[in-house]
Structure formats: C-alpha cells, structure tokens
S.K.: 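Before we start, here is the structure in question, set down as structure tokens.
Proteins get letters first, then strands, A, B, ... in listed order; numbering begins at 1 in each.
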There are 2 protein chains.
Amino acid sequence: MKEKIELINHLKSLLPKCGRMQVKTFQKGDNVMTYLAKRNQICVVLNGVVDLVRYDASGSKAIVERYRENDLFGEAFHPVVTNNELFVVAKEKSEILQFIYDDLEEKCNKNCKTHTVLYNDLLKLTILKTIDQNIRIELLTKTTIREKLLFYFSYLSINNYGKEFTIPFSFTDLSDYFNVDRSALMRELKHLSSEGFIERNGKYIKLLY
Amino acid sequence: MKEKIELINHLKSLLPKCGRMQVKTFQKGDNVMTYLAKRNQICVVLNGVVDLVRYDASGSKAIVERYRENDLFGEAFHPVVTNNELFVVAKEKSEILQFIYDDLEEKCNKNCKTHTVLYNDLLKLTILKTIDQNIRIELLTKTTIREKLLFYFSYLSINNYGKEFTIPFSFTDLSDYFNVDRSALMRELKHLSSEGFIERNGKYIKLLY
DNA sequence: GGTTGTCTGTTGCAATTGCAACATTTCTGC
DNA sequence: GCAGAAATGTTGCAATTGCAACAGACAACC
C-alpha cells in the first residue's frame with residue numbers, strides 16, 4: 001500500500017511534464033465524470049470518497065463500487081457496455097486528479113524517457129487495481145454470507161492485523177461491498193458469535209479459530 | 001476486441017528484444033503456475049483454456065475465473081492475500097506466454113524505446129482486463145438471477161448481436177460465471193420464457209422487450 | 001457401434017437471504 | 001447542548017436460491 005502512495009506521488013510529479021492533467025475539487029453530491037470529455041478518462045482519488053452508482057430501470061440506486069484515496073477509476077476502465085446508467089458521485093468533499101489516456105500518446109513524444117516512467121507507473125497502478133478487483137470477485141463468488149465473512153476476516157488477519165482487528169468500514173458499507181442485505185449480515189455475525197467462531201464488540205473482532 | 005489481438009501480437013514481437021520470455025504448452029490437467037518462480041509472473045493465453053481454481057478448507061473445488069485466448073493472468077494480478085489455495089489448471093491443451101514483470105525493469109534498460117512501447121501495450125492489455133473484471137463485478141452485484149440474466153442479455157445485445165443471439169457459453173459455464181446454481185438458472189430461463197420476456201431454443205435467445 | 005462422460009432440462013424441498021419495520025445508539029452540524 | 005441524520009442492532013415473514021436427485025440428449029473416444 002505504501003508502494004501505491006509512492007506511485008501516485010510520482011505520477012503527480014510526472015504528469016505536468018506530459019501536458020494534459022488537472023486536479024479538481026468536488027463537493028458532496030457533485031457529479032464527477034461529466035467534467036471532462038468522456039474519452040478514455042482516467043481519474044485518481046487524491047483524497048475523499050466517490051461512489052460509482054447505478055440506477056436501474058426501476059430507478060433504484062445501487063453502489064457498484066466505492067473509490068477512496070489513491071484508487072483509480074474512470075471511463076477507461078468502465079466503458080458503457082450495457083443499458084445501465086452509471087454515475088460517479090462524490091460521497092464527500094474530494095480531490096480528483098484527471099487526465100485523458102489518449103492524450104498521453106498523442107502529446108509528449110518529445111520526452112520518451114518520461115513516457116517510459118509514466119507508463120510504468122500507470123501500469124503498476126492498474127495492476128494494483130486489478131488485484132483489488134480480484135479480491136472483490138473472489139469474495140463475491142462465495143456462496144453464503146458466512147463464507148464471505150470468513151474470507152474477509154482471513155484477509156484482514158493475514159494483512160498484518162493478526163487474530164484481533166477492528167473492521168475498517170461501517171457495517172453498512174461492508175454489506176454494500178459484500179452485496180448482501182445489511183440485516184442479514186448482522187444476523188450472520190451474531191450466529192458466528194453464538195457458535196463460538198468469533199468474539200465481537202462493535203467493529204472489534206477476535207477470531208477464535 | 002480486434003485491438004486486443006493486435007496488442008498481443010505486438011507484445012509477442014517485442015518481448016524477445018526484452019529478454020526473459022517463454023512460450024510453454026500445457027496438456028489438459030497440467031498445473032500452469034508452478035513452472036516459473038512465483039514473482040510477479042504475468043501470463044497470456046495464446047490459445048486454449050485455463051481455470052483459476054480454488055480449494056476450500058472443506059476440499060471442495062470452485063472455478064474462480066476462466067481464462068481464454070488473449071486473457072491475462074498470473075501472480076502479478078493475484079497475489080496470495082488469504083489462506084485460500086489457488087491453482088491454475090489447463091482445462092484443455094493450451095499455449096501460454098510467460099514472463100516476469102520485474103525482469104522488464106531490471107533487464108533491457110538499453111532499449112528505452114522498446115520499453116515505452118512495451119509498457120504501453122501491457123498497460124492497455126491490463127486496462128482491458130479491468131474492463132472485463134468490472135463487467136463481471138457489475139453482474140455479480142445484481143441481486144437476483146433474473147437481473148443477472150437480463151444484464152447479460154443486454155450486454156450481448158449491445159455488443160452488436162442485436163435482439164437475437166446465441167449464448168456463446170454452455171449453461172454450465174454460464175452458471176459458474178454468474179456464480180449461481182445451474183438448475184436455478186435453467187428455472188429462471190423457463191420463467192422468463194413463460195412470462196413472455198424471451199423466446200428460447202437451446203442457447204438461441206430472442207428478446208421480446 | 002457401443003460406452004463413457006458431459007451437458008441440458010426438470011422438480012421437490014430445505015435453507016439462506018432479502019425485505020420491511022422498528023428501537024436504540026452514535027455521529028455531525030449548528 | 002440539541003436536533004437531525006446516519007449507523008447499529010433485532011425480528012418475523014416471504015421469496016429466491018441452492019441442493020439433491022433424476023432422465024434424456026449429445027459428444028467424444030476407443
């Protein structure tokens with residue numbers, strides 16, 4: 001994760017040399033995507049939280065993904081392939097670094113060295129993004145809520161949190177991420193407690209296995 | 001999609017100039033990943049089909065992902081972050097292009113131009129991979145099987161197949177991709193038929209809405 | 001040509017989950 | 001410090017889904 005931050009900083013220092021790049025600040029509720037022509041746009045969250053939101057035919061709202069500090073998003077990764085309406089909305093005040101991928105190629109052919117480094121950075125960041133996505137996919141492909149929870153706990157546990165940790169999200173956010181009903185998630189947590197798999201106090205979890 | 005094939009071919013032509021690269025042939029059932037040191041390995045399927053397989057604690061097998069021609073996979077995208085056992089197994093005879101990402105940086109610093117192009121290719125391919133992943137995630141976050149089917153139909157429909165098309169996978173594979181029970185998927189297809197949303201004959205589908 | 005294996009198609013039943021509705025607690029802004 | 005909003009926690013009930021267990025169609029292989 002430290003690597004990711006270094007990469008972002010590196011990127012920030014390089015992009016001015018490459019031409020097109022801008023940092024914009026969005027207030028809570030602002031629509032993020034419409035501010036630039038929608039042509040292979042790439043965005044980086046410098047700070048804040050933005051949601052990728054879907055409105056179904058029925059008009060109901062669902063959070064497809066949530067991007068936080070140092071996350072990548074944008075049309076380049078999310079082209080319109082279905083008749084779903086996708087929007088990116090700032091969940092809180094957020095600073096976003098934006099540029100258009102195609103511009104990188106067209107513009108600064110003068111400075112090849114910079115380009116090599118730039119592409120390398122972007123590649124690494126994109127790979128880090130696919131890693132996050134893979135984890136999410138593996139979690140989503142667990143059949144039961146219990147399996148999802150145990151997978152997620154195992155993930156937290158291995159990433160240097162040990163057998164005890166505090167869940168870094170709200171349960172509301174977590175149920176979104178798991179794509180399950182929040183009350184069903186709470187219920188399953190209770191079952192895991194009563195069956196002796198975990199000890200829980202709010203977001204504090206202790207694995208007993 | 002044509003772009004993807006061009007990129008792969010381009011990559012194949014470039015990599016020899018960059019040093020470390022190999023093409024290996026695997027027979028059905030072979031384990032693919034163990035053939036190279038597991039350090040930021042990147043693989044490209046030249047032809048054939050390979051499965052990313054997970055074995056749970058209970059020993060049951062699940063296909064997490066399936067990679068086909070021109071798909072990228074490898075440790076670089078799938079580091080070990082949980083206590084799950086992941087394997088990559090050839091589903092049929094397959095040719096795989098393999099190289100180690102870190103080598104790209106260490107080795108050919110002599111030829112900067114090639115590197116720029118190489119990184120650019122890899123970046124584009126990786127972005128194409130994230131697009132596939134995003135589609136899968138959006139599909140997986142649909143709550144009901146019906147919604148998943150309609151989303152998938154809409155995807156097929158928009159990608160130049162029109163209102164009539166033939167599903168390019170077996171229903172067994174499709175239920176894996178949807179992460180739902182196959183019989184439940186068949187049942188929902190029947191409901192969609194009887195309620196007049198679709199007309200179906202085997203894998204041929206006609207949308208009536 | 002027959003055998004074996006995979007894929008399709010169907011159904012009953014049990015289980016998990018989503019939904020709705022509510023009370024309680026915590027957080028946030030003024 | 002208060003008011004309103006957001007998050008947590010709980011429960012009953014209905015609905016969707018997974019599971020198991022089939023039978024038949026199709027394909028591959030010797």
S.K.: Rounded to whole angstrom units, what separation is found between the CZ atom of A:Arg146 and the P atom of C:dT17?
M.R.: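 After rounding, the reported distance stands at 9 Å.
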S.K.: Rounded to the Å, how far apart are A:Glu147 CD and C:dT17 P?
M.R.: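 It is 9 Å, rounded to the nearest whole Å.
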S.K.: Using heavy atoms to find the nearest nucleotide of DNA chain D for A:Thr143 and A:Arg200 separately, return the residue whose nucleotide is more 5′.
M.R.: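 This one resolves to A:Arg200.
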S.K.: Atom CD of A:Glu188 to atom P of C:dA15: distance rounded to whole Å?
M.R.: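 So the two atoms are 14 Å apart, to the nearest Å.
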S.K.: Can you check the B:Leu189 CG to C:dC7 P distance for me, whole Å?
M.R.: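 The answer, rounded to whole Å, is 17 Å.
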S.K.: What is the ring orientation for A:Tyr67 with A:Phe73, classed by angle as parallel under 30°, tilted 30 to 60°, or perpendicular over 60°?
M.R.: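 A:Tyr67 and A:Phe73: parallel rings.
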S.K.: D:dA7, C:dT8, D:dG18: which one has an atom nearest the side-chain heavy atoms of B:Met186?
M.R.: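 Output: C:dT8.
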S.K.: Side-chain N or O of B:Lys203 versus OP1/OP2 of C:dC7: is the shortest distance under 4.0 Å?
M.R.: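 No, B:Lys203 has no side-chain N/O under 4.0 Å of OP1/OP2 on C:dC7.
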S.K.: For C:dT8, take OP1 and OP2 only and decide whether either is under 4.0 Å from a side-chain N or O of B:Thr172.
M.R.: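 Result: yes.
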S.K.: What I want to find out is whether B:Asp51 reaches B:Lys91 closely enough, with some N-O distance under 4.0 Å, to be called a salt bridge.
M.R.: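 No, B:Asp51 and B:Lys91 are not salt-bridged.
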S.K.: Which is more 5' along DNA chain C, the nucleotide nearest B:Asn201 or the one nearest A:Val180? Just name the residue.
M.R.: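 Residue closer to the 5' terminus by nearest nucleotide: B:Asn201.
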S.K.: Could you state the atom-to-atom distance from CG of B:Asp173 to P of C:dT6 in whole Å?
M.R.: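 Taking atom P of C:dT6 as the reference, CG of B:Asp173 is at 13 Å.
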S.K.: Does A:Ser157 reach the main-chain N or O of A:Gly162 with its side chain, forming a donor-acceptor pair under 3.5 Å?
M.R.: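 Checking the backbone N and O of A:Gly162 against the side chain of A:Ser157, a donor-acceptor pair under 3.5 Å is found.
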S.K.: C:dG18, C:dT10, C:dT17: which one has an atom nearest the side-chain heavy atoms of B:Lys190?
M.R.: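 Selected nucleotide: C:dT10.
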S.K.: Counting side-chain heavy atoms from C-beta on, which of C:dT17, D:dA7, D:dT17 comes nearest to A:Ser170?
M.R.: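 Nucleotide nearest to A:Ser170's side chain: D:dA7.
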S.K.: Should the pair A:Arg146-A:Glu195 be classified as a salt bridge under the 4.0 Å nitrogen-to-oxygen rule?
M.R.: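 Result for this pair is yes, salt bridge flagged.
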S.K.: Is the NZ or CZ atom of A:Lys129 both under 6.0 Å from the centre of the six-membered ring of A:Phe77 and within 45° of that ring's axis?
M.R.: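 Judged by the rule, A:Lys129 and A:Phe77 form a cation-pi pair.
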S.K.: Closest to the B:Arg187 side chain: C:dG12, D:dG12, D:dA20?
M.R.: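 Of all the options, the side chain of B:Arg187 is nearest to C:dG12.
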S.K.: So for B:Arg182 and C:dG9, does any side-chain atom that can act as donor or acceptor lie under 3.5 Å from a complementary atom in the base?
M.R.: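 Yes, a donor-acceptor pair under 3.5 Å.
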S.K.: Tell me the interatomic distance from A:Asp181, atom CG, to C:dT17, atom P, rounded to whole angstroms.
M.R.: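 It is 11 Å, rounded to the nearest whole Å.
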S.K.: Heavy atoms from C-beta onward define the side chain here; which of D:dA20, C:dG9, C:dG18 lies closest to that of B:Phe171?
M.R.: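 Shortest atom-to-atom distance from the side chain points to C:dG9.
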S.K.: Could you check how far OH of B:Tyr204 sits from C1' of C:dG9, rounded to whole Å?
M.R.: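 These atoms are roughly 20 Å apart.
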S.K.: Given atom CD1 of B:Ile205 and atom C1' of C:dT8, what is their separation to the nearest angstrom?
M.R.: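 Rounded to the whole Å, the gap is 13 Å.
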